[in-house]
Amino acid sequence: MSPNEDPKTPTPPPAGPDEEKTSDQELARAEKLRKLQAAGVDPFPHKIEWTHSASGILSQHGGRTKEELEASPVLVRVPGRILSVRQMGRATFFHISDGRARLQVYIREDALGREAYERFSLFDIGDWVAAEGRLFRTRTGELTVQASSLQFVAKCHKPLPEKWHGLQDVEIRYRRRYLDLIMNPETAEVFRLRSALTARLRRFFDERGYVEVETPMMQAMPGGALARPFVTHHNALDIDLYLRVAPELYLKRLLVGGLERVYEINRSFRNEGIDAEHNPEFTMLEFYQAYSDYNDMMELTEELLGGLVRDLLGKDEFSYGDQVISMKRPWPRLRFREALERYGGLDAAAFEDRSAVVRLGETLAPDKKPLTYGRALDVIFDRRVKHHLAQPTFLINPPKEVSPLAKAALDAPDEAARFELFISGMELANAFSELTDPVEQRLRFEQQAEEKAKGDDESHPIDLDYVQALEYGLPPTGGEGIGIDRLAMLLGNRRNIREVILFPLLRPRE
RNA sequence: GGGCCGUUAGCUCAGUGGUAGAGCACCGGCCUUUUAAGCCGGGUGUCGCUGGUUCGAGCCCAGCACGGCUCACCA
């Protein structure tokens, strides 16, 4: 606030970025706030006293009958935002919300007093109030607060979206998520579910002796995944830094250091396209367990996700779009090569014909040249196979070539000891028996560098500092990453990742 | 990046080349158990932006901006 402004004079708030002028409805609201203040109401109270929340009242007292409420009155003082008003002369009903549930409040002139009752005309839909009174049931049976007093809590200077259709415009829902949360209770529910999800994940790992850690998001060398990074600059050191594409290499350094079980739930950043399954910043759970391999990780994953679904949804099956996903164990393990033969139209002979595989890959993804044999197999999988994997399926042993941080499979030197978990055609998890041999790791990095030289901008950089860490000895380790946003999509039955990210990246306005 | 669709009142949406519309919200009036309350009265607008065609454009054309769906790439 500038020093010349009188703090006692409410003015219309500055017009938002979308409006150059203040609408008639905003002027009317500002005038009401002025009148409230003239009547001695503090327009910006520091705090308010309250005894109950709206949703708390409904869950605690929702079962009380009219007679019970009359015999033993329940007194409450409940804050909330006004969402609808039905005014009938000397009596008024309105609903307030705490973001979870709507509670009706009843005021009447003879109970509230004429002055206080008339003051309600200065309250608008969207304003925050606190109602004090006793609970009763209306003629139609709705649990309602009969208010003996009303306190003004905060003004809503702008009109809310329409009460019946609500807020539909997805752009406004994402840009001004607060409006979405006010108008669409199911939005708030999804984010509560997401919160319960991460809490449940943390409990799972904490109970098993994992240490939760945080590793650098700004890295001098972005590793741990094959993806294009964001670049930024540190002024004092005068160096370019990359936003991490994965925490993997740092987490494995911690296992070298003797932390046998670690996990991290945090953001990674990939400078790639945006669509229904991709946001440039996304949340990943990564966890590493010493003395284990990728088979152990499959067991653990079934236990983790199976338990999660049972705890959060209360059953082993759930709907996702028009599919019903069953989490009943065990989940099938499908060899990558077998998947390509079954769904990708590649028989054993075609699989061995490396140049034919590359040609098919290039036909399917003409933008993605040059393709190596491994990358071509990956393309064919993405285009032809992935969408068949609706029920939880471990896709095991993909080509070693596209898995530079994984051990080779024990029985197949060209395959990686790795799995990806698919549910509803979405890649949800990615895990492997971590490559622990520093000499082999260095070799794999060098192979990646060769591909980069051939024009592959998603190859893994040579990280000699990481190789040095391996030289001190990494025990056999199973490691896994799980996409939390996608998991939230599944559990919340949302088809777009933006529905589970509070503030997804959008192009800035103007 | 390509294709398709969209952008009109605070919100949800109609709108056929000829004066800009509805419901909700809002403003004024009536109404003491309503609940999409009801009844009477009031339209509050840079039709996304910039050009063009036309006597005349919300509508037709071009370009641009933003968004959605989709295809391609990445988790």
Side-chain angles (χ1 to χ4, degrees), chain A residues 16 18-29 31-32 66 83-95 102 104-112 117 121 124-126 136-142 144 146 156-175 179 183 224-229 245-246 268-286 364-368 375 378-379 382-383 386 420-422 426-430 457-458 481-487 489 495-498 506-510:
Chain A
D18 292 346
E19 297 94 341
E20 291 196 353
K21 70 179 185 66
T22 308
S23 73
D24 59 324
Q25 298 199 35
E26 291 169 54
L27 291 172
R29 284 166 180 256
E31 176 62 13
K32 287 180 182 176
K66 190 182 188 88
L83 289 185
S84 64
V85 177
R86 292 166 296 285
Q87 206 155 4
M88 292 167 300
R90 296 188 165 77
T92 297
F93 288 91
F94 58 95
H95 276 101
R102 293 183 179 204
Q104 184 164 257
V105 180
Y106 177 53
I107 56 175
R108 41 192 292 170
E109 187 182 282
D110 55 9
L112 208 56
Y117 184 79
S121 66
D124 284 300
I125 289 174
F136 76 111
R137 281 196 184 277
T138 61
R139 201 171 279 167
T140 54
E142 179 166 350
T144 301
Q146 168 137 25
C156 177
H157 294 273
K158 289 176 171 286
L160 291 183
E162 194 239 354
K163 65 181 175 187
W164 188 239
H165 299 91
L167 178 62
Q168 312 269 338
D169 184 319
V170 294
E171 185 178 356
I172 297 177
R173 287 186 49 233
Y174 299 153
R175 284 189 195 278
L179 283 179
M183 299 308 298
L226 309 180
R228 288 206 296 273
V245 296
S268 288
F269 308 85
R270 297 188 186 176
N271 205 341
E272 313 270 4
I274 296 174
D275 65 24
E277 289 176 18
H278 298 87
N279 193 60
E281 55 178 317
F282 63 103
T283 301
M284 236 190 343
L285 159 70
E286 283 207 6
L364 293 174
D367 296 346
K368 218 190 166 182
R375 295 298 283 266
D378 230 22
V379 165
D382 273 352
R383 295 296 306 274
K386 199 160 79 168
E420 291 168 287
L421 172 66
F422 285 85
M426 273 198 298
E427 184 185 335
L428 208 74
N430 179 23
D457 54 2
E458 283 164 17
I482 296 181
I484 297 305
D485 312 279
R486 290 181 179 178
L487 191 52
M489 286 167 70
R495 307 298 295 204
N496 195 305
I497 198 167
R498 289 171 168 177
L506 300 175
R507 189 181 294 278
R509 281 311 235 160
E510 286 153 329

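Order of the sequence lines fixes the chain letters, A, B, ..., with proteins taken first and strands second; residue numbering starts at 1 for each chain.
At distances below 3.5 Å, not a single donor-acceptor pair connects side-chain atoms of A:R228 with backbone N or O atoms of A:E272.
Base pairing of B:A20: no nucleotide in any strand meets the Watson-Crick or G-U wobble criterion (both distances under 3.5 Å). Pair check for B:C30 finds B:G38; Watson-Crick or G-U wobble, both atom distances under 3.5 Å. B:U50 is paired with B:A62 under the criterion used here, namely a Watson-Crick or G-U wobble arrangement in which both key atom distances are under 3.5 Å. Pair check for B:C69 finds B:G3; Watson-Crick or G-U wobble, both atom distances under 3.5 Å.
Nucleic acid contact for A:E420: none, since no nucleic acid atom lies under 4.0 Å from a heavy atom of the residue. Counting any heavy atom pair closer than 4.0 Å across all strands shown, A:E427 reaches sugar-phosphate atoms only and no base atom. Within 4.0 Å (heavy atoms only), A:N496 reaches sugar-phosphate atoms of the nucleic acid but no base atom. Across all strands, A:F94 comes closer than 4.0 Å to no nucleic acid atom at all (heavy-atom distances). Contact annotation for A:K386: no contact, since no heavy-atom pair falls under 4.0 Å across all strands.
At a cut-off of 3.5 angstrom, counting only N and O atoms as typed in the model, there is no donor on one side facing an acceptor on the other between the side-chain of A:Q25 and the base of B:U44. Contact of A:R108 with B:U32 (side chain to base): a donor-acceptor pair of N or O atoms is detected under 3.5 Å.
Toward the 5′ end of RNA chain B lies the nearest nucleotide of A:T138, the other residue of the pair A:H278 and A:T138 mapping further downstream.
Annotation: B:G10 and B:A62 have their P atoms spaced 30 Å apart (nearest Å). B:G48 and B:C59 have their C1' atoms separated by 15 Å, given to the nearest Å. Rounded to whole Å, the separation between the C1' atoms of B:A65 and B:C49 comes to 7 Å. Using atom C1' as the reference point in both B:U50 and B:C27, the two lie 36 Å apart (nearest Å). Spacing between B:G17 and B:A25 at atom P, rounded to whole Å, works out to 34 Å. For the P atoms, the distance from B:A36 to B:G1 is 47 Å, rounded to whole Å. Between B:U53 and B:U46, the two P atoms lie 26 Å apart (nearest whole Å). To the nearest whole angstrom, the two P atoms, one in B:C47 and one in B:G21, are 14 Å apart.
Comparing B:C74, B:C27, B:U33 by their nearest atom to the side chain of A:D382 picks out B:C74. Listed candidates were B:U32, B:G67, B:U33. Nearest to the side chain of A:R175 is B:G67. When the nucleotides B:U32, B:U33, B:C74 are ranked by their closest atom to the side chain of A:R270, B:C74 comes out on top. Comparing B:U32, B:C26, B:C71 by their closest approach to the side chain of A:Y106 singles out B:U32. Comparing B:C66, B:C74, B:U34 by their closest approach to the side chain of A:R507 singles out B:C66. With B:C27, B:U32, B:C74 as the choices, the nucleotide that has an atom nearest any side-chain atom of A:A28 turns out to be B:C27. Comparing atom distances between the A:E171 side chain and each of B:A25, B:C66, B:U33 picks out B:C66 as nearest. Side-chain atoms of A:R383 lie closest to B:C73 of the nucleotides B:C73, B:C27, B:U32. In this structure, the nucleotide among B:A25, B:U44, B:U33 sitting nearest to the side chain of A:I125 is B:A25. Of the candidate nucleotides B:U32, B:G67, B:U34, B:U32 has the atom nearest to the side chain of A:R90.
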Restricting both atoms to N or O, compile the protein contacts to nucleotides 11-15 of chain B shorter than 3.5 Å, with distance only.
{"residue": "B:C11", "atom": "O2'", "partner": "A:E162", "partner atom": "N", "Å": "3.2"}
{"residue": "B:C11", "atom": "O2'", "partner": "A:G166", "partner atom": "O", "Å": "3.0"}
{"residue": "B:U12", "atom": "OP1", "partner": "A:Q168", "partner atom": "N", "Å": "3.3"}
{"residue": "B:U12", "atom": "OP1", "partner": "A:D169", "partner atom": "N", "Å": "3.1"}

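A:L83 and A:I125 get closest at one heavy-atom pair: O-CG2, 3.7 Å. A:A111 approaches A:Q146 most closely through the heavy-atom pair CB-NE2, 4.1 Å. Smallest separation of non-hydrogen atoms from A:R90 and A:Y117: C-OH, 3.2 Å.
We find that CD of A:E31 is positioned 11 Å from P of B:C27, with the value rounded to whole Å. Taking atom CE of A:M88 as the reference point, atom P of B:A36 lies 13 Å away to the nearest angstrom. Rounded to whole Å, the distance from NZ on A:K66 to P on B:U33 is 12 Å. Going from atom CD of A:E26 over to atom P of B:C27 covers 13 Å, rounded to whole Å. For the pair A:R139 CZ and B:U32 P, the computed distance is 13 Å after rounding to whole Å. One atom, CD of A:E109, and another, C1' of B:U33, lie 16 Å apart when rounded to the nearest Å. Straight-line distance from the CG atom of A:L179 to the P atom of B:A25: 18 Å, rounded to whole Å. Atom CD of A:Q87 is separated from atom P of B:G29 by 11 Å (rounded to the nearest Å).
With sequence neighbours excluded, the residues that form a side-chain contact (heavy atoms from CB on, under 4.5 Å) with A:R173 are A:L167, A:V170, A:R177, A:D180, A:N184, A:T187, A:E499. Every residue two or more places apart in sequence or in another chain that forms a side-chain contact (heavy atoms from CB on, under 4.5 Å) with A:R86 is listed here: A:S84, A:F93, A:H95, A:Q104. The side-chain contact (heavy atoms from CB on, under 4.5 Å) search around A:Q25 returns A:S23, A:P159, not counting sequence neighbours. Applying the ring-ring contact (aromatic ring centres under 6.0 Å, His included) test to A:F269 and every residue at least two apart in sequence or in another chain returns nothing. Partners of A:I497 according to the side-chain contact (heavy atoms from CB on, under 4.5 Å) rule, which considers only residues two or more places apart in sequence or in another chain, are A:N279, A:D485, A:M489, A:V500, A:I501.
OP1 or OP2 of B:C27 lies within a sub-4.0 Å distance of a side-chain N or O belonging to A:K32. Side-chain nitrogen and oxygen atoms of A:R29 include none within less than 4.0 Å of the OP1 or OP2 phosphate oxygen of B:C26.
A:M183 is not listed as a side-chain neighbour of A:E162, based on a closest heavy-atom distance of 4.5 Å or more. Using a 4.5 Å heavy-atom threshold, the side chains of A:K158 and A:E26 count as touching.
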